[in-house]
Amino acid sequence: MSGHSTYVPSSAIARWFESRLPIIGLMHGSFVSYPTPRNLNYMWTFGAILSFMMVAQIITGIVLAMHYTPHVSMAFASVEHIMRDVNWGWFLRYAHANGASMFFVAVYMHMMRGLYYGSYKAPREILWILGVIIFLLMMATAFMGYVLPWGQMSFWGASVITNLFSAIPLVGSAITTWLWGGYSVDNPTLNRFFSLHYLLPFMLVGVVVLHVWALHVVGQNNPAGVEVKNVKRDTVPFTPYATVKDSFALAVFLIFFSWFIFYVPNYLGHADNYIEANPLVTPSHIVPEWYFLPFYAILRAIPSKLGGVMAMFGSIAILAFLPWLDTSKVKSAAYRPVYRVFFWAFVLTCVGLGYLGAMPAEGGYVIASRILTFYYFAFFIMILPLLGIFETPKPVPATIADAVLAKHGAHAMQPAE
Amino acid sequence: MLFIATGAAAAVGAGAVAWPLISQMNPDASTLALASTEVDIGAIPEGGILTVKWRGKPVFVRHRSKKEIDEAAATPLAQLPDPQADAARVKKPEWLVVVGVCTHLGCVPLGAPGSRGDYDGWFCPCHGSHYDTSGRIRKGPAPANLAVPAYDFLTDTKLRIG
Ligand code: HEM
Ligand code: FES
């Protein structure tokens, strides 16, 4: 459905260039004439927001790297130097640190959208799996970035997370020694994390290109969850419709982002990370960044080291199998009354796990984490496969145009000129 | 046959190039050179714990009281998740030397009086592991006892770790 580009080079130079490298036509076909379903809502603007955040992280990151020193005796001081001495350093660092959080806000919204509207179902399985890979790369990048300022949370977060690999039978401790380049998290670890923190975002860009490519092959899903049947009736061109809507959403998102940078820049961080790393003293309460909390709660819910680590990685890996775990033919939750209830229960479960991940691992908190961890996995392994068999979906509209008509009446069929 | 031979040679070649790329991440010569530390233990009072840094991580040297030694020795092995006799973990009963890294996910367990956990040893606040006066795991997610590093008494009050 990517459709042929309607781009016609208007000058002799453009024609000469286009016949040698048709990149302008490719851009035109992808972001101007590209047909987008006419019923997309604001949940579809997070893709553009994510692209923006990725570029913003890379730009702020590259300039921070011009002032940062990846050495255990200087890293902490160099971040303070960025904050106090470097022109606009405070702004660049707060933009980068809060930018990571905003990146995750956007990715969680984007993933929830996919889950609600069944965007992972055929023919979008590869598109979805590429998304899971992007999510993993983001987590690895953010984790290593958080180590760089070399505060107490940086150091102990790095220790706990790298120690996860020591749970692997037989080769576990050899792997952790290899990851550290020593017998504990130390200078070699900080150095390689900096190198990888610089590399991974560019690998991320590569996977994002594949993700968008896959998207433009199969086309966007939409709130009705039915495929485009008639490009004229069911779609509108990307420009101006999606361009303007995405820009507006991005502007609103930037207000939210700016509020964090300028008013509560340390709200999402942890005060202990303004204490320099000390390998001999663990802070009494270690917590990861907020976006890792649900997974951290799952880790701690299981009373065995290997079991906890497997459950934690499993909770992410299971997302990749989602296209085959959900057996329902209907995509959109708008026509799946029972799924909708389980979906919102799942969202609440993730929020609840996030809360529990920040609480101490004792007493009632542990019991609650176990119950929610059970639901998290049950949702994928039991509920989704069975619902496809037992749920009676509501009638699904035949086309996107029908869905729009049913909602707004005939006048909605005339796009505003 | 020629294809198989070529393919095999290419695989060996690729492996030979990949190995330096992987191995460079292992501990380097300067890290290995720091592998031992000497400590003066004469000033540690009975019941006290000295924390020293060895290979970038803490080592606890604990001057155990009679009561602590007896507690550790009297514990039946059947009660231990990672069964090991106290006698096998010490060279001299009054000195316990263990790596101060929780075997769960690597935090430093607390050993100040009052925060030693349910078994008078150490308590790891990260995910709630309790160790006894022999540094053995008794309760919580940690799978193993605190590790005993290689060490020697150079004199009665001098210890070499590593
Ligand atoms: C996927 C995109 C990226 C994400 C999610 C990300 C995330 C993070 C996070 C969470 C921190 C810790 C911030 C703090 O608490 O201080 C950080 C620090 C840092 N990042 Fe990135 N980053 C990204 C891209 C980059 C790139 C491309 C560079 C280029 C070299 C870079 C360079 C740095 C530097 C130098 C620091 C240390 C200074 C500081 O702590 O503010 N980052 N990053
Ligand atoms: S690191 Fe000690 S209990 Fe988890």
Side-chain angles (χ1 to χ4, degrees), chain A residues 72 152 155-167 169 172-189 191-192 195-196 277-287 296-297 299-309 312 360-363 365-366 369, chain B residues 19 21-37 49-60 81-82 99-112 115 117-118 122-130 137 139-144 147 149-150 161-162:
Chain A
V72 289
Q152 273 290 65
F155 182 89
W156 291 102
S159 293
V160 168
I161 301 300
T162 48
N163 261 302
L164 293 177
F165 294 92
S166 71
S173 77
I175 291 180
T176 31
T177 302
W178 177 73
L179 287 174
W180 289 334
Y183 303 105
S184 58
V185 173
D186 210 328
N187 197 50
T189 327
N191 254 293
R192 63 192 56 181
S195 168
L196 295 175
N278 178 355
L280 299 186
V281 180
T282 309
S284 58
H285 187 47
I286 301 189
V287 278
Y296 194 57
L299 168 77
R300 300 191 307 178
I302 312 286
S304 121
K305 179 168 165 176
L306 182 59
V309 172
M312 186 181 87
E362 50 193 41
Y365 294 126
V366 176
S369 309
Chain B
W19 181 246
L21 294 175
I22 294 168
S23 171
Q24 55 82 22
M25 280 176 65
N26 268 322
D28 60 28
S30 72
T31 307
L32 295 171
L34 292 176
S36 82
T37 309
I49 304 174
L50 178 73
T51 304
V52 291
K53 202 167 158 186
W54 172 65
R55 288 176 161 188
K57 50 191 167 193
V59 169
F60 299 142
D82 180 10
V99 176
V101 173
C102 180
T103 58
H104 182 226
L105 296 175
C107 293
V108 178
L110 304 174
S115 53
D118 295 355
W122 284 270
F123 171 65
C124 181
C126 288
H127 318 96
S129 289
H130 299 255
I137 180 68
K139 198 168 114 185
I161 304 172

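Residue numbers begin at 1 in each chain, while the letters A, B, ... track the order of the sequences. It should be emphasised that the depicted structure is a prediction, and the values quoted were computed from it without experimental measurement. Values below: all heavy atoms of this structure, side chains included; hydrogens, waters and symmetry mates excluded.
The two residues K57(B) and Y183(A) make their nearest non-hydrogen contact at NZ-O, 2.8 Å. When all heavy atoms are compared, the tightest approach of K305(A) to H104(B) is NZ-O, 2.9 Å. Of all heavy-atom pairs spanning S284(A) and P125(B), the tightest one is O-CB, 3.6 Å. For G106(B) against N163(A), the heavy-atom pair with the smallest separation is CA-ND2, 3.3 Å. The shortest non-hydrogen separation linking T282(A) to C126(B) is CG2-SG, 3.7 Å. Closest non-hydrogen pair, P279(A) versus G56(B), comes out as CB-O, 3.8 Å.
With chain A as the partner, the residue from L110(B), V108(B), T51(B) showing the most heavy-atom pairs under 4.5 Å is V108(B). By number of non-hydrogen pairs under 4.5 angstrom with chain B, the leading residue of G307(A), A167(A), G182(A), G181(A) is G181(A). Of the listed residues R192(A), H285(A), R300(A), the one with more heavy-atom pairs under 4.5 angstrom with chain B than any other is R192(A).
You'll find the side chain of D186(A) stays beyond 4.5 Å of the side chain of T31(B), heavy atoms only.
Residue contact with chain B, scored on non-hydrogen atoms closer than 4.5 Å, involves the side chain of Y296(A) exclusively. With a 4.5 angstrom heavy-atom cutoff, T103(B) touches chain A only via backbone atoms. Heavy atoms of L306(A) lying under 4.5 Å from chain B are absent altogether. For W156(A), the part lying near chain B is the side chain, with the backbone staying farther off; criterion is any non-hydrogen pair under 4.5 Å. Only the side chain of I286(A) comes within contact range of chain B, judged by heavy atoms closer than 4.5 Å. I22(B) touches chain A through backbone and side chain together, each having a heavy atom under 4.5 Å away.
Here the CE-OG1 distance, from M25(B) to T189(A), works out to 9.0 Å after rounding to the nearest 0.5 Å.
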